[in-house]
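We number each residue from 1, following the sequence as shown.
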Amino acid sequence: MQKLKFHFGIKLTITMIVFAVVISFTIATSDHLRLKNQAVSNKMDHVKQDEMMVTYALDTIEKAYTVFGDNIAVQMKENSVFLLDLYEKTPNFDEWDFAALKQLMPVDIYIINSENVITHSSLENDVGMDFSKCCQKLAKTLDERRESEEFFHDGIDIEQSTGVIKKYSYMPTADKKYIIQLGYSLQDGDIFRKFNFLDTIDELVQKNPSLNEINVLNIGGIPIGQPANQPDQKLSEERRKAFDQTLKTGKTTEFRGIWNNEPAIYHYVHYISEYDEGTTKDKVLEIIYNDKDLQSILSKNKKTFIIQLIFISVITVFLSFIISKWVSRPMHLAFHDSLTGLKNRAAFDELLQTTIAKEKGITALLMIDLDNFKLVNDYLGHDKGDHLLKCVAQCICSVARKNDITIRLGGDEFVLLMPGTSKEEVELTANLIIKTIVESTSQEIQLEGEKVTVSIGISLFPVHGDDPESLCKKADMALYVSKEKGKNQYTFSE
């Protein structure tokens with residue numbers, strides 16, 4: 001009995017522990033994922049704030065140029081008209097004194113031929129620049145402007161050789177052979193000094209350790225404010241791909257890469273100016289940041305998660321053990337006989353139904369009843385009777401096979417279910433039960449003129465019935481025949 005209780009308690013404890021650990025793990029994991037998602041969301045919010053700050057700085061300076069800098073475009077147009085008149089008079093640019101012209105009008109002058117090559121300039125270093133090779137998007141725009149015969153001016157752009165921020169204008173000659181391009185330095189003006197977006201970017205990077213670098217890229221992928229001819233300013237293949245995708249689709253693009261030999265995230269955002277109607281209207285914000293702070297938070301959360309999981313698991317295992325101890329006994333007694341520890345009548349019907357349902361061969365039902373048990377209680381007392389019942393239960397269990405099921409129906413009635421058996425094996429088992437019980441009890445139970453014996457009635461599934469009710473009825477009738485014949489024997493149902 002104690003062994004059966006022990007096994008039942010172990011099963012219940014293990015079941016409760018598994019259930020509790022699964023629930024605890026689910027709750028702890030859910031909480032961990034919630035904190036992880038919250039940390040990632042906070043990180044993205046910070047990136048979004050940096051993005052908004054740079055956008056606001058760009059919007060502010062471009063709005064300032066729109067409100068206060070209209071005279072720049074007017075002056076550049078007047079200068080362009082002056083140079084066109086000069087071209088009509090002196091079409092050979094070799095005869096022009098570009099140094100003197102720059103002194104006359106504070107702008108840089110570029111003469112671009114029909115192949116989009118700078119043939120002459122006030123900046124000698126720019127002579128020979130071929131836009132068809134370096135700047136194909138601009139070259140296409142120059143072809144369109146050459147045919148329009150109109151004056152065009154852009155917003156914020158850069159001088160490629162120096163990185164100086166300038167404003168450029170374009171006006172074709174009447175014969176459409178050339179475009180006169182003027183470049184006006186914005187960095188020397190009061191507006192730029194007051195609304196310098198580059199200072200805002202530097203300040204953001206300095207204050208935020210997770211920001212590696214922020215660049216404002218023009219349509220050529222060149223960072224504004226930095227010389228384009230420096231090797232480290234050229235976009236890598238992966239950066240160029242993300243840049244082009246953002247510029248083309250207008251959607252934010254992001255990828256993980258390496259910055260200064262460390263992991264980094266490259267974030268690209270399309271910027272469209274509300275005030276610039278030229279080729280510089282479209283730009284791309286490149287925000288390069290690291291997630292060291294995020295990884296640190298996630299690492300701490302992971303450690304906390306593991307500690308919580310261990311703590312919760314220990315507590316749940318302990319509580320499961322305590323609860324199982326409280327619950328196992330009443331649950332055990334609900335389906336087990338309190339005296340012998342065998343399965344009881346409450347469990348019998350289900351066990352019989354389950355056994356015959358899954359067993360394809362012969363299942364034997366042995367109804368076992370003690371003879372003269374009432375005399376033991378009357379003459380020797382109930383304590384001796386209880387001792388006898390325990391002894392009988394042990395005898396039946398000792399004879400039964402591993403897969404057989406022993407049940408006490410109540411009083412001195414027992415049942416042995418033998419699944420997957422044969423008639424010969426059932427006969428052998430019945431004989432052994434009778435012999436074992438008689439030998440064991442004859443030494444301990446002494447009655448005047450009588451002795452304790454056992455009668456057995458046997459029914460076989462499916463020979464004598466294919467349902468529990470029929471099998472029980474047939475076995476009970478066979479048991480009655482055994483007693484009528486003189487007891488201490490077994491009988492098969494007919």
For residues 76-91, please give each side-chain donor-acceptor pair under 3.5 Å, one per line with the distance, not counting sequence neighbours.
from: Asn79; atom 1: ND2; to: Gln75; atom 2: O; distance (Å): 3.2
from: Ser80; atom 1: OG; to: Met76; atom 2: O; distance (Å): 2.8
from: Tyr87; atom 1: OH; to: Asp175; atom 2: OD2; distance (Å): 2.5

Please report the closest heavy-atom contact between [X] and [Y], naming both atoms and the distance.
X      : Y      : answer
Trp259 : Ala264 : CB-CB, 3.7 Å
Pro462 : Gly361 : CD-O, 4.2 Å
Val164 : Ser185 : CG1-OG, 3.7 Å
Ser114 : Asp143 : O-OD1, 4.4 Å
Leu342 : Cys397 : CD2-SG, 3.6 Å
Leu416 : Ala400 : CD1-CB, 3.8 Å

Measure the spacing between [atom1] of [X] and [atom2] of [Y] and express it to the nearest 0.5 Å.
X      : Y      : atom1 : atom2 : answer
His153 : Gln181 : NE2   : CD    : 14.5 Å
Thr60  : Phe197 : OG1   : CZ    : 11.5 Å
Lys283 : Asp276 : NZ    : CG    : 5.5 Å
Ile407 : Leu352 : CD1   : CG    : 7.5 Å
Lys48  : His267 : NZ    : NE2   : 6.5 Å
Leu217 : Thr246 : CG    : OG1   : 9.5 Å

Apply side chain to side chain contact (heavy atoms under 4.5 Å, CB included) to residues Thr406 and Lys343 and explain how you reach the verdict.
CA-CA 7 Å; Thr406 307; Lys343 296 285 175 55; over 6 Å; no

Enclosure of [X] [atom1] (heavy-atom neighbours >12, cutoff 6.0 Å):
X      : atom1 : answer
Met44  : CE    : yes
Met53  : CE    : no
Lys176 : NZ    : yes
Phe255 : CZ    : yes

With distance as the sole criterion, is a donor-acceptor pair present between the side chains of [X] and [Y] under 3.5 Å?
X      : Y      : result
Glu62  : Tyr275 : no
Tyr289 : Asp50  : no
Asp94  : His120 : yes
Ser236 : Lys241 : no
Gln295 : Asp293 : no
Lys251 : His270 : no
Asp337 : Thr340 : yes
Asn260 : Asn212 : no
Thr355 : Thr363 : no

[X] side chain vs [Y] backbone, donor-acceptor pair below 3.5 Å:
X      : Y      : result
Lys167 : Tyr184 : no
Asn42  : Gln38  : yes
Asp199 : Asp202 : no
Ser41  : Asn37  : no
Ser121 : Ile109 : yes
Thr249 : Gln245 : yes
Ser148 : Arg145 : yes
Ser273 : Lys281 : no
Gln187 : Ile165 : yes
Asn290 : Pro209 : yes

Chi angles and distances behind the salt bridge (Lys or Arg N to Asp or Glu O under 4.0 Å) call for Arg240, Asp244
CA-CA 6 Å; Arg240 169 62 68 174; Asp244 288 338; 3.7 Å; yes

With respect to Val54, which candidate in Ile214, Val269, Asn215 satisfies the side chain to side chain contact (heavy atoms under 4.5 Å, CB included) definition?
Ile214

Would Arg256 and Asp291 pass as an ion pair if we require N to O under 4.0 Å?
yes

Can we say Glu274 and Lys63 salt-bridge, meaning some charged N sits less than 4.0 Å from an Asp/Glu carboxylate O?
no

Does some side-chain heavy atom of [Y] sit less than 4.5 Å from a side-chain heavy atom of [X]?
X      : Y      : value
Leu235 : Phe243 : yes
Asp282 : Leu247 : yes
Pro419 : Arg401 : yes
Leu204 : Leu211 : yes
Thr280 : Ile219 : no
Ile224 : Val216 : yes
Val107 : Leu101 : no
Leu123 : Tyr110 : yes

CA sep, side-chain torsions, deciding dist, call: Leu339, Lys390, side chain to side chain contact (heavy atoms under 4.5 Å, CB included):
CA-CA 7 Å; Leu339 179 65; Lys390 291 179 183 180; 3.4 Å; yes

Test side chain to side chain contact (heavy atoms under 4.5 Å, CB included) on Ile61 and Ile156 and set out the steps.
CA-CA 9 Å; Ile61 193 170; Ile156 298 173; 3.6 Å; yes

Please lay out, stage by stage, how Asn116 and Asp130 fare under the test side-chain hydrogen bond (donor to acceptor under 3.5 Å, both in side chains).
CA-CA 6 Å; Asn116 293 322; Asp130 188 345; over 6 Å; no

Centres of the Phe152 and Tyr170 rings: under 6.0 Å?
no

Would you check if the distance from the ring center of Tyr178 to the ring center of Phe93 is below 6.0 Å?
yes

Full working for side chain to side chain contact (heavy atoms under 4.5 Å, CB included) between Asp404 and Leu417:
CA-CA 6 Å; Asp404 293 345; Leu417 290 178; over 6 Å; no

